[in-house]
Amino acid sequence: MKNVTLVLSDGTTFHGQSFGYDKPVAGEVVFNTAMMGYPESLTDPSYAGQLMVLTYPLVGNYGVPPFTFESNGIPTFMESDKIYASAIIVADYSTCYSHWNAKESLADWLKREQVPGITGIDTRELTKVLREHGVMMGQILFDDQPDNIPEANYEGVNFVDQVSCKQILHYNEGAGKRVVLVDCGVKANIIRCLVNRGVEVIRVPWNYDYTDMDFDGLFLANGPGDPDTCEDAVRIIRKQMDASRKPICGICMGNQLLAKAAGASIYKLKYGHRSHNQPVRMVGTEKCYVTSQNHGYAVNAKTLNADWQELFVNMNDGSNEGIRHKTLPWFSSQFHPEACSGPVDTEFMFDKFIETL
């Protein structure tokens, strides 16, 4: 394996070996503390433009499932049609894998999709650096390619536009209630959770004006990057809210876009929430849920107007985890109720949305 160096924007360096595709890349370095789920995380469009650090020490031991699709076009085991993360960084890559559903190794998959993978990095120390400093830009450089130095291009980039579908897609046509799904980088399991509840899903590009379409409810999906780059989506959501009281539900980026449409502001978290064990409390209750999350921005709940209130709050740092309108069927969550590979403690959010249609 080739020697490789991770260089952070503050000059800190970490040395390791390549086990994926051998090419230098640059991007925002973020860490994920989940113990499993690397196939789902790598194919989550919300990781577009990012170098994903996994804090769990052993990665690759259960291989990669087959990249198959269901008859309705939804990926069977992945969250999208390809790897969206720019690279994966681990402490110890397992060259041997064993799992009933594994069809290839993580290394072979990365090489086939031309995505770098680094092993031998002290990811715990790297995570401590990121926690103290905050997320940073980083470069993955190969020792035998000293002149090929990529530049990080993340701030101000509209990654949602890069990952959103380019045309309208239909799922479960003619099933009954119709839901418009605004694709900001939607995960496959969000579509599956809606389809499994017997509704027709109309998936539209992030900046498509759906306000004149015939539908029963609006669903705002997750996505990568800065929500402030998605003003077109916010303008259309606000137009829909002014014209109709149809139900609206949002997840992750969808929570932030709904909040912006309601007049609230967004800020960037120091190092984001990327894990399977974030505790959130439902406001006004003593109910606390374990949730899966992947986001670097949050809603400033203090900027919500009098018609809105917080629905969930993060128990670790007090940041917003969802909002709701006080009288209309408009609500959202910052976490992922459909979480794949888990937990699914909050999948009732989909049931609540379907009940409002």
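Only a predicted model underlies this, so the values are computations on that prediction, with no experimental measurement involved. Residue numbers count from 1 along this sequence.
Here Glu286 does not pair with Arg281 in a salt bridge; the nearest charged N to carboxylate O distance is not below 4.0 Å. Comment: Asp228 engages Lys260 in a salt bridge, judged by a side-chain N to carboxylate O separation of less than 4.0 angstrom. With respect to the salt-bridge test (charged N to carboxylate O, under 4.0 angstrom), the residues Glu347 and Lys352 do not qualify. Under 4.0 Å is where a charged nitrogen must lie from a carboxylate oxygen, and between Glu338 and Lys187 at least one such pair does.
A side-chain donor from one of Gln334 and Asn255 sits under 3.5 Å from a side-chain acceptor of the other. A donor-acceptor contact under 3.5 angstrom links the side chains of Asn314 and Gln278, judged on distance only. For the 3.5 Å distance criterion, the side chains of Asn61 and His99 fail to qualify, holding no donor opposite an acceptor. If you check the side chains of Ser292 and His336, you find no donor sitting under 3.5 Å from an acceptor. Under the 3.5 Å distance criterion, with hydrogens and angles disregarded, no donor-acceptor pair is assigned to the side chains of Asn207 and Asp161. For the residue pair Thr55/Thr33, the side-chain donor-acceptor check at 3.5 Å is not satisfied. With no hydrogens or angles considered, a side-chain donor-acceptor pair links Ser105 and Asp108 at under 3.5 Å.
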Which is it for Tyr93 and Phe19 under the ring pair (Phe, Tyr, Trp, His ring centres under 6.0 Å) test, yes or no, and what are the steps along the way? CA-CA 8 Å; Tyr93 170 66; Phe19 71 92; 4.2 Å; yes
Would you sort out whether Ser319 and His273 count as a side-chain contact (heavy atoms from CB on, under 4.5 Å), showing the intermediate values? CA-CA 10 Å; Ser319 62; His273 298 157; 3.2 Å; yes
Begin with the C-alpha distance, continue with both residues' side-chain angles, and end with the deciding distance and a verdict on ring pair (Phe, Tyr, Trp, His ring centres under 6.0 Å) for Phe159 and Tyr154. CA-CA 8 Å; Phe159 283 100; Tyr154 194 85; 4.9 Å; yes
For Lys103 and Val64, run side-chain contact (heavy atoms from CB on, under 4.5 Å): C-alpha distance rounded to whole Å, both residues' side-chain angles, the deciding distance at 0.1 Å, then the answer. CA-CA 6 Å; Lys103 295 300 181 182; Val64 176; over 6 Å; no
Working note: Asp209 + Lys239, criterion salt bridge (Lys or Arg N to Asp or Glu O under 4.0 Å); need CA distance, chi angles, decisive distance, verdict. CA-CA 9 Å; Asp209 190 342; Lys239 179 180 177 182; 2.9 Å; yes
Give the intermediate values and the outcome of side-chain hydrogen bond (donor to acceptor under 3.5 Å, both in side chains) for residues Asn32 and Tyr56. CA-CA 8 Å; Asn32 184 323; Tyr56 190 69; over 6 Å; no
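Asp183 places a side-chain N or O within 3.5 Å of a backbone atom of Cys165 that can act as its donor or acceptor partner. Judged purely by atom type and a 3.5 angstrom limit, Thr76 uses its side chain to pair as donor or acceptor with the backbone of Thr68. No donor-acceptor pair closer than 3.5 Å links the side chain of Arg178 to the backbone N or O of Ala175. No side-chain donor-acceptor contact under 3.5 Å links Lys287 to the backbone of Val280. Side chain of Asp22 to main chain of Lys2: no donor-acceptor pair is present (N/O by atom type, distance under 3.5 Å, no hydrogens or angles). Not one N or O on the side chain of Ser9 forms a donor-acceptor pair closer than 3.5 Å with the backbone of Met136. Between the side chain of Thr43 and the backbone N or O of Glu79, at least one donor-acceptor pair lies under 3.5 Å. Remark: the backbone N or O of Ile323 is not paired with any side-chain donor or acceptor of Glu310 at under 3.5 angstrom. Of the possible donor and acceptor atoms, none in the side chain of Asn101 sits under 3.5 Å from a partner among the backbone N and O of Pro66. For the pair Arg203 (side chain) and Tyr171 (backbone), a donor-acceptor distance under 3.5 Å is absent.
For the pair Lys82 and Tyr84, the distance from NZ or CZ to the six-membered ring centre is under 6.0 Å and the angle to the ring normal is within 45 degrees. With a 6.0 Å cutoff to the six-membered ring centre and a 45° limit on the axis angle, Lys246 counts as a cation-pi contact of Phe215.
Between Phe348 and Tyr289, the ring-plane angle classifies as tilted under the 30° and 60° cut-offs. Below 30°, between 30° and 60°, or above 60°: for Phe219 and Phe350 the angle between ring planes is below 30°, a parallel geometry.
The ring of Tyr297 has its center no closer than 6.0 angstrom to the ring center of Tyr267.
In this structure, OG on Ser41 lies 11.5 Å from CD1 on Ile83, to the nearest 0.5 angstrom.
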